[in-house]
Amino acid sequence: MDLGSCYLGGNADAVEFCPHRPFLHVLAAATYTLQEQERDRAGSISLFSVDVASEDASRRLQLLHTVETAGIFDMKWSPKSPLLAQADAHGRIALRRLEQEDGSDTGILLTDVSAEDISSSMCLYVDWNQTAESLSVGLSDGSLSLVSVREDRLEISEQWTAHQFEVWTCYFDRTSPHLLYSGSDDCCFSCWDLRESPPNIVFQNKKSHKMGVCCITQNPLEGNMLLTGSYDEFLRVWDMRFMAKPVNEKLINLGGGVWRMKYHPSIADVVLAACMHNGFAIVKVGSGDATVMETYCKHESLAYGADWQKSEEVEQNGNSSVVATCSFYDRLLRVWQPENLAEL
């Protein structure tokens, strides 16, 4: 069921619901627009209020605040506080804090906290570790960076050449925080041991993905299960118990490059995927074969950004799940409810 939609001021490429109270209804949407005349990449972060329960359809998705930025490739909320990290085309990582000035939604805004120049190359992806003391950053020149976060200050702690081409994704292992996974346009899926300086390679899989590796995520209830998404249109499921040589247990073709994947916040084994030229898919990745439960094809351009809302209602009733998605060239943001989760 469609709840609301909005056209953004630039090409839309990332959406992230805030996971922290009292801001669970707040959605951040980011843009990246190439300005050819100025030879610049401009962007923005817009905050929206998402109110599913409102009987007034016009109030279900309301713009609260917009910040003009450099072109944004990725952004992530801290796991510990309403602090948003952005990775941008100017090679910078910036932190912005979500605040509420007057106790109402009209007072919700992002305030600048800190920023750091990471590289002369573009920052393509950012991930927090679980203590919120470190960020990993994937760069367009094939490098990975580790950035320490101390009292909201950013400082590069490690930077090394990890891949031949763009690092589209990097992901801290949620159960073994000294491990960092990375995926690149060189088709490699790699893992790094952060206890060494520079980090040692744990494994590098060069053969499984036929095109670039775009995204990596870990099953929140089963740490030995990892998922990768690729331009080759496959979502792959990995058994990580033998870390030196992970086993590709199963795979499913989603009909478009798998750009982003997000596990459902409360329903085990359910994954939301952004599939570029083939819209969005909700996939069941359990003990049996991976299966597509539902697709959403109401965007008319590249499907890039996707996220689940975290809320008390979803924790109590998965069928009340709310999804935000965005697409690139048509600049469209949509908020909707899946139809097929009730059968789980």
Side-chain angles (χ1 to χ4, degrees), residues 13-14 73-74 87 121-127 136-144 160-174 179-193 199-219 222-263 269 271-285 289-292 302-306 328:
D13 62 355
F73 282 100
D74 191 37
S121 299
M122 295 183 289
C123 294
L124 303 179
Y125 196 90
V126 62
D127 189 43
S136 59
V137 184
L139 297 167
S140 61
D141 66 357
S143 298
L144 279 167
W160 71 100
T161 300
H163 292 272
Q164 289 181 295
F165 304 120
E166 291 93 338
V167 179
W168 292 122
T169 186
C170 48
Y171 187 90
F172 286 105
D173 190 292
R174 296 328 195 221
L179 297 178
L180 178 70
Y181 304 102
S182 60
S184 165
D185 218 45
D186 62 9
C187 306
C188 288
F189 165 42
S190 303
C191 179
W192 308 88
D193 188 335
N200 280 340
I201 188 112
V202 178
F203 69 78
Q204 187 174 64
N205 180 299
K206 300 180 179 181
K207 296 181 179 179
S208 294
H209 302 87
K210 307 310 177 189
M211 298 178 73
V213 181
C214 305
C215 54
I216 300 168
T217 192
Q218 189 172 25
N219 186 314
E222 176 50 72
N224 289 321
M225 180 188 288
L226 214 66
L227 309 182
T228 58
S230 170
Y231 282 130
D232 67 13
E233 303 185 353
F234 282 94
L235 182 158
R236 290 175 172 83
V237 183
W238 298 85
D239 183 341
M240 307 301 295
R241 284 177 292 185
F242 183 42
M243 184 59 68
K245 195 173 182 180
V247 177
N248 185 189
E249 282 191 316
K250 62 188 92 168
L251 68 168
I252 182 171
N253 191 313
L254 296 182
V258 185
W259 181 250
R260 287 290 181 267
M261 298 180 295
K262 300 282 183 69
Y263 267 96
D269 303 331
V271 176
L272 172 67
C275 307
M276 297 184 72
H277 292 284
N278 199 35
F280 299 87
I282 295 176
V283 186
K284 182 85 161 71
V285 187
D289 292 338
T291 56
V292 174
L302 290 171
Y304 270 166
F328 195 66

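Please read all numbers here as calculations on a predicted model, not as lab measurements.
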To the closest 0.5 Å, what do you measure between CG (L272) and OH (Y263)? 12.5 Å

Hey, does the side chain of K262 reach the backbone of A306 with a donor-acceptor pair shorter than 3.5 angstrom? yes

Yes or no on salt bridge (Lys or Arg N to Asp or Glu O under 4.0 Å) for R260 and D13, after CA distance, side-chain angles and deciding distance? CA-CA 10 Å; R260 287 290 181 267; D13 62 355; over 6 Å; no

Are W192 and I201 packed together at the side-chain level, in the sense that at least one heavy-atom pair is separated by less than 4.5 angstrom? yes

Those residues at least two apart in sequence (or on a different chain) that pass side-chain hydrogen bond (donor to acceptor under 3.5 Å, both in side chains) with Q218 are D173

Results of ring pair (Phe, Tyr, Trp, His ring centres under 6.0 Å) for Y171 - residues two or more places apart only: none

For Q164, does its backbone N or O pair with a side-chain atom of D186 as donor and acceptor, under 3.5 Å? yes

Side chains of C214 and V258: closer than 4.5 Å at any heavy-atom pair? no

Under 3.5 Å: donor-acceptor pair, side chain of N219, backbone of L226: no

Separation between CG (L227) and CD (E249), nearest 0.5 Å, reads 10.5 Å

Between D74 and A87 (side chain of the first, backbone of the second, donor and acceptor by atom type, cut-off under 3.5 Å), is there such a pair? no

Do N278 and L254 come close enough that some side-chain heavy atom pair is under 4.5 Å? no

Please identify each residue that fulfils side-chain hydrogen bond (donor to acceptor under 3.5 Å, both in side chains) with D232, with sequence neighbours left out. S230, R236

side-chain hydrogen bond (donor to acceptor under 3.5 Å, both in side chains) with S208: which residues, sequence neighbours excluded? N205

Angle class for the W168/Y231 ring planes (parallel below 30°, perpendicular above 60°, tilted otherwise)? perpendicular

F203: partners by ring pair (Phe, Tyr, Trp, His ring centres under 6.0 Å), with sequence neighbours left out: F189

Using the side-chain hydrogen bond (donor to acceptor under 3.5 Å, both in side chains) criterion, which residues pair with H209? Sequence neighbours excluded. T228

Straight-line distance of C170 SG to L139 CG, nearest 0.5 Å: 8.5 Å

Looking at OH of Y125 and OG1 of T169, how far apart are the two atoms once the value is rounded to the nearest 0.5 Å? 4.0 Å

Value for NZ (K210) from SG (C187), rounded to nearest 0.5 Å, stands at 9.0 Å

